[in-house]
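Just so it is clear, the values below take in all heavy atoms, side chains as well, and ignore hydrogens, waters and symmetry mates.
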Amino acid sequence: MLFKSIVASLFSLSLAGSTFALPVAIQAGALHRRAFPLQAYADFQISDTPAGNAQAEAEAVFVKPFEGIDLATVSDEDRDNVEAMRSLAEQAETEQFNPAIDAASGEEADALQRGKIKNKVLKLTGISQVRKIDLAKAQAAGKSTASIETKLADSQKKLAKNIATDKASAGLDAKGVV
């Protein structure tokens with residue numbers, strides 16, 4: 001009788017243990033989400049390195065952090081951080097680069113202009129990424145995407161032009177404003 005009781009107890013424990021070992025269902029994409037921290041412009045700007053590599057540098061800031069992630073699952077906070085950083089790059093262009101270029105001359109003005117082009121690549125890569133996130137979210141929600149697609153195409157056209165300008169100056173010094 002004692003033997004039957006021990007066997008029954010062990011059987012019950014093995015069933016209970018196997019219940020705890022069942023796989024847990026996880027929502028698709030949940031493991032792929034990670035935060036995109038908001039940074040000060042000085043911490044992500046790319047204008048101080050030689051011209052010619054702006055595309056890769058800008059993608060390292062705005063695109064690489066989202067590799068392998070379904071953009072439809074990006075948090076609103078992360079999307080807004082990308083937008084805020086893109087806005088900081090735009091402010092640097094209008095409030096810092098333009099006056100600095102106007103005040104400079106010769107090679108200094110040329111280096112600042114190349115830095116400004118690199119900054120434009122950064123800004124346009126950021127807005128393209130925001131629009132790609134918006135597009136993925138709209139598609140996932142079954143919403144109309146025509147307006148987003150038009151804006152994305154416009155951003156990418158401007159981006160391609162500035163990437164070509166940066167590559168045409170490859171190897172030349174560029175100068176930032178921070």
Side-chain angles (χ1 to χ4, degrees), residues 20-49 51-98 113-170 174 176-178:
F20 294 117
L22 291 176
V24 177
I26 297 175
Q27 180 181 353
L31 291 178
H32 298 296
R33 294 183 187 171
R34 48 190 151 164
F36 183 87
L38 183 62
Q39 298 178 49
Y41 177 72
D43 295 333
F44 71 90
Q45 67 88 21
I46 63 171
S47 298
D48 286 328
T49 58
N53 201 29
Q55 181 179 10
E57 292 173 289
E59 287 177 355
V61 173
F62 289 123
V63 178
K64 297 273 187 216
F66 297 97
E67 275 188 351
I69 296 174
D70 177 358
L71 295 180
T73 67
V74 171
S75 73
D76 290 343
E77 180 182 356
D78 287 345
R79 181 247 182 243
D80 292 347
N81 286 349
V82 174
E83 171 59 28
M85 288 169 58
R86 181 229 42 100
S87 180
L88 290 173
E90 185 171 352
Q91 286 175 353
E93 178 184 336
T94 59
E95 297 173 14
Q96 294 176 291
F97 275 105
N98 290 344
Q113 183 61 37
R114 289 187 289 271
K116 178 181 172 180
I117 293 298
K118 291 184 68 158
N119 187 70
K120 283 183 167 211
V121 171
L122 179 68
K123 170 189 77 171
L124 291 164
T125 300
I127 194 61
S128 293
Q129 187 69 348
V130 167
R131 290 180 174 154
K132 288 176 184 177
I133 292 167
D134 291 347
L135 179 63
K137 287 179 171 282
Q139 288 171 333
K143 294 181 180 176
S144 173
T145 60
S147 173
I148 300 168
E149 290 174 16
T150 300
K151 290 176 183 177
L152 177 59
D154 181 56
S155 297
Q156 290 181 323
K157 181 180 176 184
K158 291 176 185 176
L159 177 59
K161 176 184 174 236
N162 283 281
I163 289 170
T165 302
D166 175 65
K167 287 182 178 181
S169 299
V177 291
V178 292

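- From Met85, atom CE reaches atom CD of Gln129 across 11.5 Å, with rounding to the nearest 0.5 Å.
- Panel note: side chain Asp166, backbone Asn53; a donor-acceptor pair is recorded below 3.5 Å.
- Residues Pro65 and Ala60 share a closest heavy-atom pair of CD-O, 3.6 Å.
- Heavy-atom minimum distance, Ser144 versus Ala138: O-CB, 4.2 Å.
- Note that NZ of Lys64 and CD of Glu67 are 4.5 Å apart. Values are rounded to the nearest 0.5 Å.
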Does Lys151 form a side-chain contact (heavy atoms from CB on, under 4.5 Å) with Ile127? I'd like the steps, not just the answer. CA-CA 9 Å; Lys151 290 176 183 177; Ile127 194 61; over 6 Å; no

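- Residues Asn98 and Lys116 have side chains in contact (heavy-atom distance under 4.5 Å, counting atoms from C-beta outward).
- Just one of Asp78, Asp80, Leu71 meets the side-chain contact (heavy atoms from CB on, under 4.5 Å) condition when paired with Ile133; it is Leu71.
- In this structure, the separation between CD1 on Ile46 and NZ on Lys123 is 12.5 Å, given to the nearest 0.5 Å.
- Ring geometry, Phe36 versus Phe62: the interplanar angle falls under 30°, so the pair is classed parallel (tilted spans 30 to 60°).
- For the pair Ser47 (side chain) and Gly115 (backbone), a donor-acceptor distance under 3.5 Å is present.
- Of the options Leu159, Ile163, Asn119, a side-chain contact (heavy atoms from CB on, under 4.5 Å) to Leu124 is made by Leu159 and by none of the others.
- When all heavy atoms of Thr73 and Asp70 are compared, the pair lying nearest together is OG1-O, 2.6 Å.
- Under a 4.0 Å N-O distance rule, the pair Lys137/Asp76 qualifies as a salt bridge.
- Ala42 and Val178 make their closest contact through CA-CG2, 3.9 Å (heavy atoms, listed as atom of the first residue, atom of the second, distance).
- Rounding to the nearest 0.5 Å gives a distance of 9.0 Å between CG of Asp154 and OG of Ser128.
- Using a 4.5 Å cut-off on side-chain heavy atoms (C-beta onward), Gln156 and Lys132 make contact.
- Not a single donor-acceptor pair under 3.5 Å links the side chain of Arg114 to the backbone N or O of Ser169.
- Within a 6.0 Å sphere centred on CD of Glu77, heavy atoms belonging to other residues, nucleotides or ligands number 12 at most.
- Rounding to the nearest 0.5 Å places CG of Asn162 at 13.0 Å from NZ of Lys118.
- By the 4.5 Å heavy-atom criterion applied to side chains, Val121 and Glu57 are not counted as neighbours.
- In this structure, Thr125 OG1 and Glu59 CD are separated by 6.0 Å, a value rounded to the nearest 0.5 Å.
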